[in-house]
*Asks:* 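Next up is a structure, given as structure tokens.
Each chain gets a letter, A, B and so on, in the order its sequence line appears, and its residues count up from 1.
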Amino acid sequence: MLSIEQIINEPEIVRQKLVDRGEDPPIEEMIELDARRRALVHEGDELRAKRNEVSRGIGQSGGKPSPEQIAEMRSVGDRIKVIETEQEEIQQELHDLLIVLPNLPKDTVPVGPDEDSNVIVREGPPPGERDFDVEPNWDFADRTGIFDLAAGAKMSGARFYVLKGKGAALQRALSDWMLDVHTREHGYIEIAPPFMVRSETMTASGNLPKFADELFHDEEDDLWLIPTSEVALNYLHSGEIIEPGALPLKYVAHTPCFRRERTAAGRDTRGIKRVHQFEKVEMFQFVDPDQSGGVLDGMVDDAIDLCERLGLPWRLLALATGDISFQSAQTYDLEVWSPGIEEWLEVSSLSNCTDFQARRSNTRFRPEEGAGTGFVHSLNGSGLALPRMVIAILENYQQADGTVSIPEVLRPYTGFDSIG
RNA sequence: GGAGGGGUGGCCGAGUGGUUUAAGGCGCCUGUCUUGAAAACAGGUUUACCGGCGACGGUAACGCAGGUUCGAAUCCUGUCCCCUCCGCCA
């Protein structure tokens, strides 16, 4: 959520940044609503002050109000009720306008309407040359039986799949290894959150109210399946004031992610690249607002580190204003090359959400003892998305004889050296 | 799923319609005393919003949301959460 103070103080900057994202924000309307809200708050406060004063007097003089007092206070009470109702309506109106506005992109974000304006900012070593054709992961899977799309479709429908045998073990090895690197070397605390959350939680992360279509929802208990553990982690300190010195808070979680993929209905229908349920290791940090820029770079390094240790060809993209996610002020996508399908696969999206999610979840901090409170900054990034890492390993580690050798770092976790 | 109990400040805990402007205690901060500390004593100790250049003044919040009332921590309704017992169950 954007702050109304900022909208009032620098309306043209806010407008331009939202226009860069393809929005047409009702700036004047919001300013006008807030002015009316303030006037009503003021009038209501004064009436309540009067009521409090008279009530105190009645209490002090024995507790029996005169008929005149009752009549007068009844009309004051009626007026307060009218003002409160009007104030609530206006606040709701303003809230409804604010809650659907995305975060403001940072000045350094490339301006452009869509992904064509994304910029490659860092690259790992180039993909190696091979003297044989790499088999696409789905063909390899059919041949070896390590994942089964038909079985997934049979039990759950399109875009579900079943991992089997060494396929399941490879994914488990990857997630265990990633968690170990993040917790033992990168300084993250492991969290195992619920996979279902309330509407408030989903709203705080920015997924509701605008993106309900992309989510699975249980009507009976009004619970939402998380599309990423970011949603749960963002709510971990909701309503709290984090004490001086406690930041940064670095969390990592390994959860399934549930996505309806409605807007991407026709895209990536083959294989396990885009599915309704997948697993992901997610990094999440709450930080001092002064630190968030540098922390994002550090989080990017944490994600790249995994690709490097696995020896996968990678590149890093700075997403354009029209391509960053709703809650983000700045996003990098980390992609790895997969030589069988000949595609760059997005295995991590890393975002600085500044105070956007903290406002929605009411997560504050105290910079130092005795100081006032402020909203924290939140950052998230995959570290990393598992099905796509499985694809990348199956294709990058494929040998001329049609087998896949397991990356050295994963062998202690898999207990086997090759598949196929 | 059934029955019962409960949610009050950083913590414990009193408070069943009006001097509650939330008692009392603990913790924490400041001061007096002391070589220093402790003890004792005194004062202070939330968050958000509105008005004001400011000193400051006002309003709200007793899980949350409604309602009754001139007036609600207190009464009513709903809801969320916690605890105990029963049932079921990985």
*Asks:* I'd like a list of close polar pairs between nucleotides 28-30 of chain B and the protein, N/O only, cut-off under 3.5 Å.
*Replies:*
none

*Asks:* Rounding to an integer number of angstrom, what distance separates B:A14 and B:A72 when you compare their P atoms?
*Replies:* 25 Å

*Asks:* A:Gln69 has an atom CD; how far is it from atom C1' of B:C70, in whole Å?
*Replies:*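 Rounded to the whole Å, the gap is 8 Å.
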
*Asks:* When the C1' atoms of B:G66 and B:C89 are compared, how many Å lie between them, rounded to an integer?
*Replies:*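 Looking at atom C1' only, B:C89 and B:G66 are 37 Å apart.
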
*Asks:* May I ask you to decide if the ring planes of A:His182 and A:His186 are parallel, tilted or perpendicular, using 30° and 60° as cut-offs?
*Replies:*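 Answer is tilted, since the angle falls between 30° and 60°.
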
*Asks:* Strictly below 4.0 Å, heavy-atom distances to any atom of RNA chain B: list the hits from residues 71-85 of chain A, or just say none.
*Replies:*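 Listed by number, they are A:Met73, A:Arg74, A:Lys81.
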
*Asks:* Roughly how many Å apart are B:U84 and B:U79, using the P atom of each and rounding to a whole number?
*Replies:*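 It works out to 23 Å between them.
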
*Asks:* How close do A:Thr331 and A:Ser325 get, counting heavy atoms only, and between which atoms?
*Replies:*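 Heavy-atom minimum between the residues: OG1-N, 4.3 Å.
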
*Asks:* Sticking with atom P, work out how far B:G18 lies from B:C28, rounded to a whole angstrom.
*Replies:* 35 Å

*Asks:* With rounding to the closest Å, how many angstrom separate the C1' atoms on B:G71 and B:U21?
*Replies:*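 Their C1' atoms lie roughly 15 Å apart.
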
*Asks:* Please check if atom CG in A:Asp218 has more than 12 non-hydrogen atoms from other residues, nucleotides or ligands closer than 6.0 Å.
*Replies:* yes

*Asks:* Sort and list the pairs that fulfil ring-ring contact (aromatic ring centres under 6.0 Å, His included) and have at least one residue in residues 365-390 of chain A, not counting sequence neighbours.
*Replies:* none

*Asks:* Using the test side-chain contact (heavy atoms from CB on, under 4.5 Å), find all partners of A:Pro113 that sit at least two apart in sequence or belong to another chain.
*Replies:* A:Ser117

*Asks:* For residues 80-93 of chain A, which side-chain donor-acceptor pairs fall under 3.5 Å, sequence neighbours excluded?
*Replies:*
{"from": "A:Glu84", "atom 1": "OE2", "to": "A:Arg48", "atom 2": "NH1", "distance (Å)": "2.9"}
{"from": "A:Thr85", "atom 1": "OG1", "to": "A:Lys81", "atom 2": "O", "distance (Å)": "2.8"}
{"from": "A:Gln92", "atom 1": "NE2", "to": "A:Asp96", "atom 2": "OD1", "distance (Å)": "2.9"}

*Asks:* Quick one: look up who B:G1 pairs with, Watson-Crick or G-U, both distances under 3.5 Å, and put none if it's unpaired.
*Replies:* B:C86

*Asks:* Taking a pair as Watson-Crick or G-U wobble with both distances under 3.5 Å, which nucleotide is matched to B:G78?
*Replies:*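 Check on B:G78: paired to B:C64, both distances under 3.5 Å.
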
*Asks:* Please measure how far the P atom in B:C26 lies from the corresponding atom in B:U34, and state the result in whole Å.
*Replies:* 25 Å

*Asks:* Please list each protein N or O that sits under 3.5 Å from an N or O in nucleotides 79-83 of chain B, with the distance.
*Replies:*
{"from": "B:C80", "atom 1": "O3'", "to": "A:Arg198", "atom 2": "NH2", "distance (Å)": "2.7"}
{"from": "B:C80", "atom 1": "O2'", "to": "A:Arg198", "atom 2": "NH2", "distance (Å)": "3.3"}
{"from": "B:C81", "atom 1": "OP1", "to": "A:Arg198", "atom 2": "NH2", "distance (Å)": "3.1"}

*Asks:* May I ask which nucleotide in the shown strands pairs with B:A42, Watson-Crick or G-U wobble, both distances under 3.5 Å?
*Replies:* B:U30

*Asks:* Find every protein N or O atom lying less than 3.5 Å from an N or O atom of nucleotides 50-60 of chain B, and list the pairs.
*Replies:*
{"from": "B:C50", "atom 1": "OP1", "to": "A:Arg37", "atom 2": "NH2", "distance (Å)": "3.1"}
{"from": "B:C50", "atom 1": "O2'", "to": "A:His42", "atom 2": "ND1", "distance (Å)": "3.0"}
{"from": "B:G51", "atom 1": "OP1", "to": "A:Arg38", "atom 2": "NE", "distance (Å)": "3.1"}
{"from": "B:G58", "atom 1": "N2", "to": "A:Asp45", "atom 2": "OD2", "distance (Å)": "3.1"}
{"from": "B:U59", "atom 1": "OP1", "to": "A:Asn52", "atom 2": "ND2", "distance (Å)": "3.3"}
{"from": "B:U59", "atom 1": "O2'", "to": "A:Asp45", "atom 2": "OD1", "distance (Å)": "2.8"}
{"from": "B:U59", "atom 1": "O2'", "to": "A:Arg48", "atom 2": "NE", "distance (Å)": "3.2"}
{"from": "B:A60", "atom 1": "OP2", "to": "A:Asn52", "atom 2": "ND2", "distance (Å)": "3.3"}

*Asks:* Taking A:Glu23 first and then A:Arg21, would you say they form a salt bridge - that is, a charged N and a carboxylate O separated by under 4.0 Å?
*Replies:*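 Looking at A:Glu23 and A:Arg21, the cut-off is not met.
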
*Asks:* Considering non-hydrogen atoms only, spot the tightest contact between A:Phe286 and A:Leu233 and give its length.
*Replies:*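 Minimum heavy-atom contact is CZ-O, 3.4 Å.
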
*Asks:* Restricting to side-chain contact (heavy atoms from CB on, under 4.5 Å), what partner residues turn up for A:Thr403, sequence neighbours left out?
*Replies:*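 Expected list: A:Gln399, A:Asp401.
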
*Asks:* Identify, with sequence neighbours excluded, every residue that meets salt bridge (charged side-chain N to carboxylate O under 4.0 Å, His left out) alongside A:Arg309.
*Replies:*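 Listed in chain order: A:Glu185, A:Asp305.
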
*Asks:* Has A:Lys210 got its NZ or CZ under 6.0 Å from the middle of the six-membered ring of A:Phe326, at an angle within 45 degrees of the ring axis?
*Replies:* no

*Asks:* Could you list the residues that satisfy side-chain contact (heavy atoms from CB on, under 4.5 Å) with A:Phe160, not counting sequence neighbours?
*Replies:*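 A:Ser156, A:His276, A:Gln277.
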
*Asks:* Expressed in angstrom and rounded to an integer, what is the separation of A:Arg366 atom CZ from B:A48 atom P?
*Replies:*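 Taking CZ of A:Arg366 and P of B:A48, I get 8 Å after rounding.
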
*Asks:* Hey, is the side chain of A:Thr373 poking within less than 4.0 Å of OP1 or OP2 on B:U47, counting only N and O atoms?
*Replies:* no

*Asks:* Return the pairing partner of B:U59 with a 3.5 Å limit on both distances, Watson-Crick or G-U wobble; otherwise return none.
*Replies:* B:A48

*Asks:* Ignoring the backbone of A:Glu88, work out which of B:U47, B:G66, B:C70 is nearest its side chain.
*Replies:* B:G66

*Asks:* With both distances under 3.5 Å as the test, what is the Watson-Crick or G-U wobble partner of B:C11?
*Replies:*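 B:C11 is paired with B:G25.
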
*Asks:* Tell me whether A:Asp78 is salt-bridged to A:Arg74, with the criterion being a basic N under 4.0 Å from an acidic carboxylate O.
*Replies:* no

*Asks:* Quick check on side-chain hydrogen bond (donor to acceptor under 3.5 Å, both in side chains): which of A:Asn207, A:Asn380, A:Thr255 does A:Glu230 satisfy it with?
*Replies:* A:Asn380

*Asks:* Mind listing the closest non-hydrogen atom pair of A:Leu345 and A:Ala392 along with its distance?
*Replies:*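 Closest approach of A:Leu345 to A:Ala392, heavy atoms only: CD1-N, 4.4 Å.
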
*Asks:* Could you work out the separation of B:U8 and B:G57 based on their C1' atoms and round it to a whole Å?
*Replies:*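 My reading of the C1' atoms in B:U8 and B:G57 gives 27 Å.
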
*Asks:* Using Watson-Crick or G-U wobble geometry with both distances below 3.5 Å, tell me the partner of B:G17, or none.
*Replies:* none

*Asks:* At a cut-off of 3.5 Å, list every protein nitrogen or oxygen paired with a nitrogen or oxygen from nucleotides 6-10 of chain B, distance to 0.1 Å.
*Replies:*
none

*Asks:* Charged N to carboxylate O below 4.0 Å: is that the case for A:Glu28 and A:Arg15?
*Replies:*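 Here A:Glu28 pairs with A:Arg15 in a salt bridge, since their nearest N and O are under 4.0 Å apart.
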
*Asks:* With rounding to whole Å, what would you report as the distance between B:A39 and B:U77 at their P atoms?
*Replies:* 49 Å

*Asks:* So, using side-chain contact (heavy atoms from CB on, under 4.5 Å) as the criterion, who are the partners of A:Glu72 when residues are at least two apart?
*Replies:*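 Applying side-chain contact (heavy atoms from CB on, under 4.5 Å) to A:Glu72 gives A:Lys50.
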
